[in-house]
Amino acid sequence: MNGLDSLRAALVRAAVQIGAPADIAPVLERPRDPAHGDWATNVAMTLAKPLGKKPREIADALIAALDTKAAGVSEASVAGPGFINFRLSTADLASGIARILQSGEQWGKGTGGNGRAAMVEFVSANPTGPLHVGHGRQAALGDSISSLLASQGWKVTREFYYNDAGVQIANLALSVQARLRERAGDALVIPEGGYHGDYIREIAERYAAEFPNDPRGEQLEQVRQVAVRELRKEQDLDLRAFGVQFDNYYLESSLYTDGLVDKTVSGLQKTGHTFEDDGALFLRTTSFGDDKDRVMRKRDGTFTYFVPDVAYHVTKFERGFTRAINVQGADHHGTTARVRAGLQALDMGVPKGYPEYVLHQMVTVMKSGEEVKISKRAGSYVTVRDLIDEVGRDAVRYFFLMRKGDSQLVFDVDLARSQSEENPVYYIQMAHARLCGIFRVGEVDATRVTGEGLDWSVLDTPEERELVKALLDWPAFVATAAENLEPHRVANWLLETARMVHTWYHKCHVLGEPEPIMQARLALAKAARITLANGLGLLGISAPERM
RNA sequence: GCGCCAGUAGCUCAGUUGGAUAGAGCAACAGCCUUCUAAGCUGUGGGUCGGGGGUUCGAUUCCCUCCUGGCGCGCCA
């Protein structure tokens, strides 16, 4: 039982004494304003109606009935409309640091996932070009969401779905063929819906070098294979540069070769939710919340992308993933209802909200005050690798994660590359490096700072109390971020906590202070360093020891 | 027309799931380096939380409605 639980229990006992029902669960929260104490509860206000008394009267009665010693608080007072504010002694508050030091890299981990399997699918770019900034946002989000879930005890698989079948791949092959023909002396004719970028020309060069006997790319299937292979290689390099590792790549083409597409269609026909109209096969997705019925098999006999999509998600369910989370651009949001509808129509026990979607809005890249246009087809291009080369992996990660996915993101290249106070990622890393510097300069072996036998009451400056509270809140904070699949919460938390660290660093000197103070502050410094490092780790950002 | 998302300080955005006087960074102004990193710290000013209703002890947060912007609404993926 930690301190908060005993406070809550004591509060319930007091409430029952004054006539409240025993099943209340008082909400305790950190007041925004430190002058309001270390914890606060609104329980008196929620009891006003059932008890028929004024909130402040109830609060007074509660405090009178409260066993403050058992609750672990040094002071309780009524404030505002009926809040009860609690204050802890500095020693009680700061002794929590020992838990951080004991936990180390485990600090912030939770057990809510309970070892169940979750899949996070992200990036899933068509192999028709390099990864652009939108994929970058997905890569950062997906990787961090995976880490968040893993931190809460989920067994996470990161998967990349490879759309290596379909019309766009055919266009890719034709585009490379067009460049090959240009190269062989023909006029350049890029097909309708084809790709214009320079990378197409590079692939043509490689093909020509590899197959000198086919200079015009007549062997279209062979051209396709080379193009997909080369682009996969490029995308792998992009991902490696970004530090993202997938556990599995799932090929769309395998859904056809393994017969899963046909199986899905016959399964849907069997459950009776399909119908034919005008030579095409439809799924009655409107029965499952979609706003119109969807074509499964076109009049020309081929399937729409929606069918392999459903087949793919069937495999996720059958592979035993309790949760499937898809990270995608908001332009795909139209597909969410129909994939879910397809799974429901199969009537195989898939939960209604399966899969879950994390959709993110567009990214605009600003440079020198101007928007850099992204257009794959037109060939002007901002790739993930461009960004990483220009501003570094850590900054790219942070910038993609610092905004809520629902917000459009402006990526300011000049800000991201500036190594100054304006740049949040350097600010946070600097806080970490400074804490390391204390141990380095003081020649203190950090492994020997265990938090045992210290006088915690010396950490009683306002800066120290606030920092300690923030650090102790970290596990609850990670749990919330994981629950909401929102890494930006971690990014913002780190920025705020880094600010507290910098303030504390200036206000509270460590080395050369009297022994009890120095030892307690070393423990605090180490606890802050651990927490910052763990937080940066969840975002995939390095925690440098010096800068 | 319908659906999803957004609208908070001059700019870019948070807001701990309905709490107390709505926050941060940048930009502006004024200060701080013989002591652990000035890539830093301290202070000042800045608001009709898009508008209007409603729900209640209490709303930036929940509901309704309107306005503005983005995305989607294909037998493309």
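In what follows, every chain begins at residue 1, and chains take the letters A, B, ... in the order their sequences are listed. Worth saying up front: this structure is predicted, and the values here are computed from it rather than measured.
At the heavy-atom level, Arg499(A) lies under 4.0 Å from the strands shown only through sugar-phosphate atoms. Counting any heavy atom pair closer than 4.0 Å across all strands shown, His333(A) reaches a base atom. Residue contacts for Asp293(A): at a heavy-atom cut-off of 4.0 Å it reaches no nucleic acid atom on any strand shown. Looking at heavy-atom distances under 4.0 Å, Gly437(A) makes contact with sugar-phosphate atoms alone, never a base. Ala48(A) comes within 4.0 angstrom of no nucleic acid atom, judged by non-hydrogen atoms across all strands. Asp278(A) comes within 4.0 angstrom of a base, heavy atoms only. Nucleic acid contact class of Val510(A) (heavy atoms, under 4.0 Å, all strands): base. Residue Ala79(A) is in base contact, counting any heavy-atom pair closer than 4.0 Å across all strands shown. No engagement by Ala476(A) is indicated, since no non-hydrogen atom pair under 4.0 Å with the nucleic acid exists. Among the atoms of the strands shown, base atoms are found under 4.0 Å from some heavy atom of Cys508(A).
Applying the 90° criterion around 0 to the glycosidic angle, U17(B) comes out syn. C33(B) shows a glycosidic angle within 90° of 0 and is accordingly assigned syn.
To the nearest whole angstrom, the two P atoms, one in C5(B) and one in C62(B), are 11 Å apart. Taking atom C1' on both nucleotides, U12(B) is separated from G52(B) by 29 Å, rounded to a whole Å. Comparing the P positions of A9(B) and U60(B) gives a spacing of 15 Å, expressed to the nearest Å. Rounded to whole Å, the separation between the C1' atoms of C75(B) and U61(B) comes to 43 Å.
Of the side-chain N and O atoms in His332(A), none sit less than 4.0 angstrom from OP1 or OP2 of C4(B). In this model, the phosphate group of C36(B) is not approached by any side-chain N or O of Tyr505(A) to a distance below 4.0 Å at OP1 or OP2. Within the structure, a side-chain polar atom (N or O) of Tyr427(A) is placed less than 4.0 Å from OP1 or OP2 of C41(B). Look at Arg338(A) and you won't find any side-chain N or O under 4.0 angstrom from OP1 or OP2 of C73(B). Contact annotation: Thr480(A) side-chain N/O to U17(B) OP1/OP2 distance is not under 4.0 Å. The side chain of Lys298(A) contributes no N or O atom lying less than 4.0 Å from OP1 or OP2 of G74(B). Side-chain nitrogen and oxygen atoms of Lys292(A) include none within less than 4.0 Å of the OP1 or OP2 phosphate oxygen of G3(B).
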Applying side chain to side chain contact (heavy atoms under 4.5 Å, CB included) to Arg521(A) and Leu459(A), what does each step give before you reach the verdict? CA-CA 7 Å; Arg521(A) 286 184 176 170; Leu459(A) 298 175; 3.8 Å; yes
- [ ] Go through the steps for Leu260(A) and Val314(A) under the test side chain to side chain contact (heavy atoms under 4.5 Å, CB included), then give the verdict.
- [x] CA-CA 9 Å; Leu260(A) 296 179; Val314(A) 169; over 6 Å; no
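Contact annotation: the side chain of Tyr250(A) approaches that of Leu255(A) to within less than 4.5 Å [non-hydrogen atoms, C-beta and beyond]. Residues Gln269(A) and Val265(A) have side chains in contact (heavy-atom distance under 4.5 Å, counting atoms from C-beta outward). By the 4.5 Å heavy-atom criterion applied to side chains, Thr461(A) and Lys507(A) are not counted as neighbours. The side-chain heavy atoms of Arg294(A) and Thr304(A), taken from C-beta on, include no pair separated by under 4.5 Å.
With hydrogens and angles ignored, the 3.5 Å screen pairs no side-chain donor or acceptor of Arg56(A) with any backbone N or O of Pro81(A).
At whole-Å resolution of the value, CD in Gln328(A) and P in A77(B) are 15 Å apart. Look at NE2 on His509(A): it is 15 Å from P on C33(B), rounded to the nearest Å. Atom CG of Asn492(A) and atom C1' of U12(B) are 12 Å apart (whole Å). Between Leu495(A) atom CG and G25(B) atom P the separation is 8 Å, expressed in whole Å. When rounded to the nearest whole Å, the span between CG of Asp290(A) and C1' of C73(B) equals 10 Å. Note: NE2 (His488(A)) to C1' (U12(B)) measures 14 Å, nearest angstrom. Atom pair Phe303(A):CZ and C76(B):P shows a separation of 14 Å (rounding to whole Å applied). Between Met547(A) atom CE and C36(B) atom P there is a gap of 18 Å when expressed in whole angstrom units.
Remark: RNA chain B takes part in the stems B:1-7 with B:67-73, B:10-13 with B:23-26, B:28-32 with B:40-44, B:50-54 with B:62-66, each of 3 or more antiparallel Watson-Crick or G-U pairs, criterion distances under 3.5 Å.
A salt bridge links Asp5(A) and Arg8(A); the closest N-O separation between the charged side-chain nitrogens and carboxylate oxygens is under 4.0 Å.
A donor and an acceptor atom sit less than 3.5 Å apart, one in the side chain of Tyr305(A) and one in the base of A77(B). For Asn171(A) and A77(B), a side-chain-to-base donor-acceptor distance below 3.5 Å is absent, hydrogens and geometry of angles not being considered.
Mapping Phe439(A) and Arg299(A) onto RNA chain B by nearest heavy atom places Phe439(A) at the nucleotide closer to the 5' end. In this structure, Glu29(A) and Glu252(A) both approach RNA chain B, and ranking their closest nucleotides by distance from the 5' end singles out Glu29(A).
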Letter by letter from the 5' end, nucleotides 57-63 of chain B scores (B base, S sugar-phosphate only, - none; protein heavy atoms under 4.0 Å) S------
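The aromatic rings of Phe282(A) and Phe275(A) lie parallel to each other, with less than 30° between the two planes, well short of the 60° mark.
For His506(A) and G40(B), the ring-to-base geometry does not satisfy the stacking test (centroid distance below 5.5 Å, interplanar angle below 30°).
Heavy atoms of other residues, nucleotides or ligands lying less than 6.0 angstrom from CD of Glu192(A) number 12 at most.
In this structure, the ring of His273(A) has its center less than 6.0 angstrom from the ring center of Phe288(A). When ring centroids are compared, Tyr427(A) and His502(A) come within the 6.0 Å threshold.
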